[in-house]
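Worksheet: the structure to be examined is printed underneath.
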Amino acid sequence: MITKLLVANRGEIARRVFATCRALGVATVAVHSDADADAPFVADADQAVRLPGNTPAETYLRIDAILDAARRSGADAVHPGYGFLAENAEFAAAVTDAGLTWIGPSAKAIAAMGDKMAAKALLADAGVPMLPTWTDPAEVTAFPVLVKAAAGGGGRGMRIVRDAAGLAEAVAGARREAAAAFGDGTVFIERYVERGRHVEVQIFGDTHGTVVALGVRDCSIQRRHQKIVEEAPGVLPDDVRAALHEAAVAAGRAVDYVGAGTVEFLLAPDGQVHFLEMNTRLQVEHPVTELTTGLDLVRLQLLVAEGEPLPVTTTPPADGHAIEVRLCAEDPAQGFRPATGTLHRFAIPGVAAEFGPARGLRLDSGVVDGSTVSVHYDSMLAKLVAWAPTRTEAARALAGALARAELHGVATNRDLLVRVLRSPEFAAVDVDTGFLDRHPEVFAPLLPAEQLPVAALAAALAGAAARRAAAPVLAGLPSGWRNVPSFPQVTRFTGPGDEELEVRYRLDRTGGLAEWSVSSSDATPAVTVVDATPDRVVLDVDGVRRAFRVHRAGSSVFVDGPDGAASLTELPRLPLPTAELAAGSLLAPLPGAVTRVHVEVGQRVAAGDLLLTLEAMKLEHPVLAPADGVVTELPVPAGGQVETGAVLAVVDPEEDPQ
């Protein structure tokens, strides 16, 4: 019997496992890097052991350090979560060799499915259709293709290549990214299917020979080959669903599978099913299966690890519909690059449960108010899941909760998720892995540009109310009131894209808004102030009353309104002088390491040329020339660490190399 469980992972999956352990009466142990010392998952555990360092290689990927943590804490079992060492056969073997209970399939099964090429061969012999696959780039005979990491998942190390000219660089880049994310740079090449749907079957096996399919999930909405919206049950014809169940169970039986696993398939437009891979672990999207089957998959993992038989032996019928979104720290203004910083507020309304069964909204979060989003790990903050009797109701509830959420301090992909869930194509199940490429309209922010001036006015009025509330004298005088009406109150902000917004307004003797304007807007609507406090402003805008929630953290001001959110930075009235950057300076969008420099000082480049590669949050970020010119500065060598805003290169469009 398991009495104390160590989770060899971090973030929301560690918290998820701890939640089930608490319900079962199992003591818990967290391991953490220095960067994660104050993270919520560490506080959730009964005990915690420090892994000195910050990077995954220094901490969560060290088998010896994790086993030592288990020994020191008295843990008798290890759960790998997902990512890091979750699909590492060496780790599974080391855990069992140390006399600990391993929560997962055998090392042999992990090795069999971890070698994705061997897994394809194994299942091809069982009659499962396969896509053409190559290990040698020179043997590729048809395009487009997808370069994939042989170890791990989550979109790391994936590249679509549409012609032979780009194959060599794609393979090299995929190898580097896979090595950084999984410690294994092996890649292979697979035929890429346009408009395919990514569907997968949750399977479970026990030590008594049972392998059962627990339904099909549809995970087709992806960006950078990483799932961002997942749902169960997948909307599929009955014969396709039955074929998927049969193939997935056959895959599990082929390796005597024990524990939770996922068999992933590509459903082509012609209805053909192609095996992709088998993930020998719990998946990020497991909550949608839990909510539609009523099963706690972590509980089942612990039961089968203790030798108990599965309580289900046939596929349970789906109850209702569940949709999950991955809320990530990503900056839409920077092409959805991973974002870092402090979450000043993380609040989602209407959550019925965290990390467990819910008829309504479920939140599995790795962060809370005040959490720091570090550059060292991936960008996922939380998963929000909605269950409802129908798919339409689930999508509507999930979109509504996301739209009303207060997510302050770090840029996120929230607006994108809401627009996807509300799109007519999603409602019609017209989805595939190329959905986002075909629908650029879903990348538009929720807050229309023409409504930003009103949000800025709300921020300015809330700031004035806060200053008035803190005033030691004449607190009853309306804020901003002037004896001489020609002098308005002025507040300056920067908004999306660093656009400057100068809000000018004048109040009358009653505190009403006599006039107002914003520098970025040619025309402003008629506005009446209904109420203005430091954290809530109610305005009548062209006859429609709108309430705005306003939250200030230092100079940052966050405005959440009925049509979307705005993140503003209030500028000082008397700004200090700053150093002027050289024309053509390219700045680091986030902290990271320069892995490669592709050009030299004095070299002429064209717009779009690759200058250098920045690695951050387990992804490679190319830095491209913004215009034709000459490279005049490369201040950071390969291997150098940089902070946000550091100058990476200077390209002078006026410089003459002669």
Below 4.5 Å, heavy atoms only, C-beta onward: do [X] and [Y] meet side chain to side chain?
| X | Y | answer |
| --- | --- | --- |
| E190 | K120 | yes |
| H198 | T433 | yes |
| V95 | I63 | no |
| L244 | V199 | yes |
| T315 | L214 | no |

Once you round to the nearest 0.5 Å, how far does NE2 of H286 lie from OG1 of T293?
-> 10.5 Å
Taken to the nearest 0.5 Å, the spacing of D36 CG from S374 OG works out to 7.0 Å
Decide yes or no on side chain to side chain donor-acceptor pair (under 3.5 Å) for T292 and D319, but give the supporting numbers first.
-> CA-CA 5 Å; T292 52; D319 176 18; over 6 Å; no
When you measure from the side chain of [X] to the backbone of [Y], do you find a donor-acceptor pair of N or O atoms at a distance under 3.5 Å?
| X | Y | result |
| --- | --- | --- |
| R159 | L146 | no |
| E58 | T55 | yes |
| D76 | K4 | yes |
| N88 | F91 | yes |

Audit row: R16, T20, side chain to side chain donor-acceptor pair (under 3.5 Å) steps and yes/no = CA-CA 7 Å; R16 165 70 191 91; T20 288; 2.7 Å; yes
Between R217 and T289, is a side chain to side chain donor-acceptor pair (under 3.5 Å) present by the stated rule, with each step listed?
-> CA-CA 8 Å; R217 299 186 288 252; T289 297; 2.8 Å; yes
In terms of side-chain heavy atoms, does R281 have a donor or acceptor partner in Q283 at a distance below 3.5 Å?
-> yes
Report yes or no: is the cationic atom of R391 (NZ for Lys, CZ for Arg) closer than 6.0 Å to the six-membered ring centre of F426, at no more than 45° off its axis?
-> yes
